[in-house]
Every structure is written in structure tokens, then in C-alpha cells.
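Since the structure comes first, as C-alpha cells, the remarks are kept for the end.
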Amino acid sequence: MSGSVGQLIGNFIIVTGSFALLFVLLKKFAWSQITAVFQAREEKISKDIDDAESARQNAQTLENKRQDELNQAKDEAVQIIENAKETGKAQEAKIVTEAHEEVSRLKDKANQDIATSKAEALSSVKADVADLSVLLAEKIMAKSLDETAQSELIDSYLDKLGDA
């Protein structure tokens, strides 16, 4: 067994020496390349995380901007509706005022037309009365009237006046 323990220790030393030599060679020739690969990978992951955060912030900024624009559009729509209502009320008041003015003007014109027609009618009646008075005077002068004839003449005059 002692030979086998010696062989085991010899193998252990050879394996340990080989491992140490491999580690030294790795450190001297490949370690910088291996760490460079890990560092590049770490930087890429870090950059991807930063890009993702930047994209998230940009998306949030765009969402906030879109929401602000939407709110502004709603406010503008409300303002446009309010302005339209005010314009409609102003137009309504203007139309009502113009209608009242037109009614008043038509009423004044109708009153003037009535007054003119009344004046023309009175003038016509006066002319007719004057003509009848002249006819009556001519008849009275042309013959001497007794009471019955005078009464008949007055009745005839009143009948003609009523017909006119």
C-alpha cells in the first residue's frame, strides 16, 4: 500500500503542478482577453439597461405630452362651444331687437296711413258736404219752399249725405 500512497501523492503533485502551471499560463496569456470579454459583456448589459431606461423615460415624456395636448384640445373644444353659445345668444338678442324695431316701424307707418286715409276721407266728406250745401242753396233760391218741401229737401240732403 505504501507504493500506492506514494503514487497517489506523486499524482497529486503532478496534477497540482499542472493546474498551477495552467493557471499561470492562463493568467499570463489569456486572462486579459477573458476579462476583456466579461467587461465588454458587462458594458453591453449596462448600456442596454441605460437605453431601456432612456426609452422608458422618452415614452413617459411622450405620454405626458400627449395627455397635455388632449387636455388642451378638450379645453379648446369647451371654449369653442361657450363662444358659439354666446354668439348664438347675441344673434338671438339682435334678431329680437330688429323684429321689435320692424314691428314698431310698421305700426308707425300703419298709424300714418290711417291718419292720411282719415284726413283724405274727411276732406272728401267736406267736399261732398260743400257740394250738397251749394245744391241745397241753389234749390232754395230757385223756388220758395214751404215747410213740407223744406222738410223733404232736408231729408233728401241727409239721404244723399248718408249714401256718400
Side-chain angles (χ1 to χ4, degrees), residues 1-133 158-164:
M1 275 259 182
S2 74
S4 131
V5 172
Q7 191 177 17
L8 190 61
I9 292 178
N11 284 341
F12 179 74
I13 292 174
I14 290 174
V15 169
T16 304
S18 296
F19 182 74
L21 180 62
L22 179 63
F23 186 73
V24 168
L25 290 175
L26 254 168
K27 181 150 178 129
K28 185 171 184 175
F29 295 108
W31 189 254
S32 61
Q33 292 173 356
I34 293 172
T35 56
V37 167
F38 287 136
Q39 190 168 5
R41 176 79 175 147
E42 179 185 350
E43 288 174 3
K44 183 181 181 311
I45 291 172
S46 177
K47 182 181 178 296
D48 289 347
I49 289 172
D50 290 345
D51 289 347
E53 179 62 22
S54 176
R56 188 196 65 78
Q57 287 177 350
N58 286 340
Q60 184 64 41
T61 301
L62 289 175
E63 173 64 22
N64 291 343
K65 183 178 178 183
R66 186 197 60 79
Q67 188 63 40
D68 290 343
E69 289 173 352
L70 181 63
N71 290 339
Q72 185 179 7
K74 286 179 183 177
D75 293 343
E76 288 175 6
V78 168
Q79 186 63 39
I80 288 170
I81 291 170
E82 289 299 319
N83 289 344
K85 284 180 183 178
E86 290 175 13
T87 302
K89 287 179 182 178
Q91 284 293 90
E92 177 186 10
K94 181 181 175 186
I95 290 170
V96 169
T97 301
E98 288 175 355
H100 285 301
E101 289 172 358
E102 181 69 14
V103 167
S104 178
R105 186 185 64 76
L106 290 174
K107 188 176 177 181
D108 290 344
K109 185 173 180 342
N111 286 336
Q112 288 175 353
D113 289 347
I114 290 170
T116 303
S117 295
K118 185 177 177 182
E120 288 174 357
L122 285 175
S123 176
S124 176
V125 168
K126 285 182 183 179
D128 288 345
V129 169
D131 289 343
L132 288 175
S133 296
L158 290 176
D159 285 341
K160 286 184 183 178
L161 184 61
D163 290 340

Enumerate, atom names and distances included, each donor-acceptor pair closer than 3.5 Å involving a side-chain atom of residues 114-122, sequence neighbours excluded.
from : atom 1 : to   : atom 2 : distance (Å)
T116 : OG1    : Q112 : O      : 2.8
S117 : OG     : D113 : O      : 3.0

Filter on salt bridge (charged side-chain N to carboxylate O under 4.0 Å, His left out), then keep only pairs touching residues 59-79, sequence neighbours left out; what's left?
E63-R66
Can you tell me how far the CD atom of E43 sits from the CG atom of D50, to the nearest 0.5 Å?
11.5 Å
With rounding to the nearest 0.5 Å, note down the distance linking CG in L26 to CZ in F19.
9.0 Å
Which donor-acceptor pairs under 3.5 Å do side chains of residues 98-108 form with protein atoms, sequence neighbours excluded?
from : atom 1 : to   : atom 2 : distance (Å)
E102 : OE1    : R105 : NE     : 3.4
E102 : OE1    : R105 : NH2    : 3.2
E102 : OE2    : R105 : NH2    : 2.5

Apply side chain to side chain contact (heavy atoms under 4.5 Å, CB included) to S4 and L8, showing your working.
CA-CA 6 Å; S4 131; L8 190 61; over 6 Å; no
Residues that I13 engages under side chain to side chain contact (heavy atoms under 4.5 Å, CB included), provided they are two or more places apart
I9
Which pairs count as side-chain hydrogen bond (donor to acceptor under 3.5 Å, both in side chains) when at least one residue sits in residues 77-90, sequence neighbours excluded?
Q79-N83
Suppose the criterion is side-chain hydrogen bond (donor to acceptor under 3.5 Å, both in side chains): which pairs have a residue in residues 10-39, not counting sequence neighbours?
none
Within this structure, what is the CG-CD1 distance for the pair L21 and I14, rounded to the nearest 0.5 Å?
13.0 Å
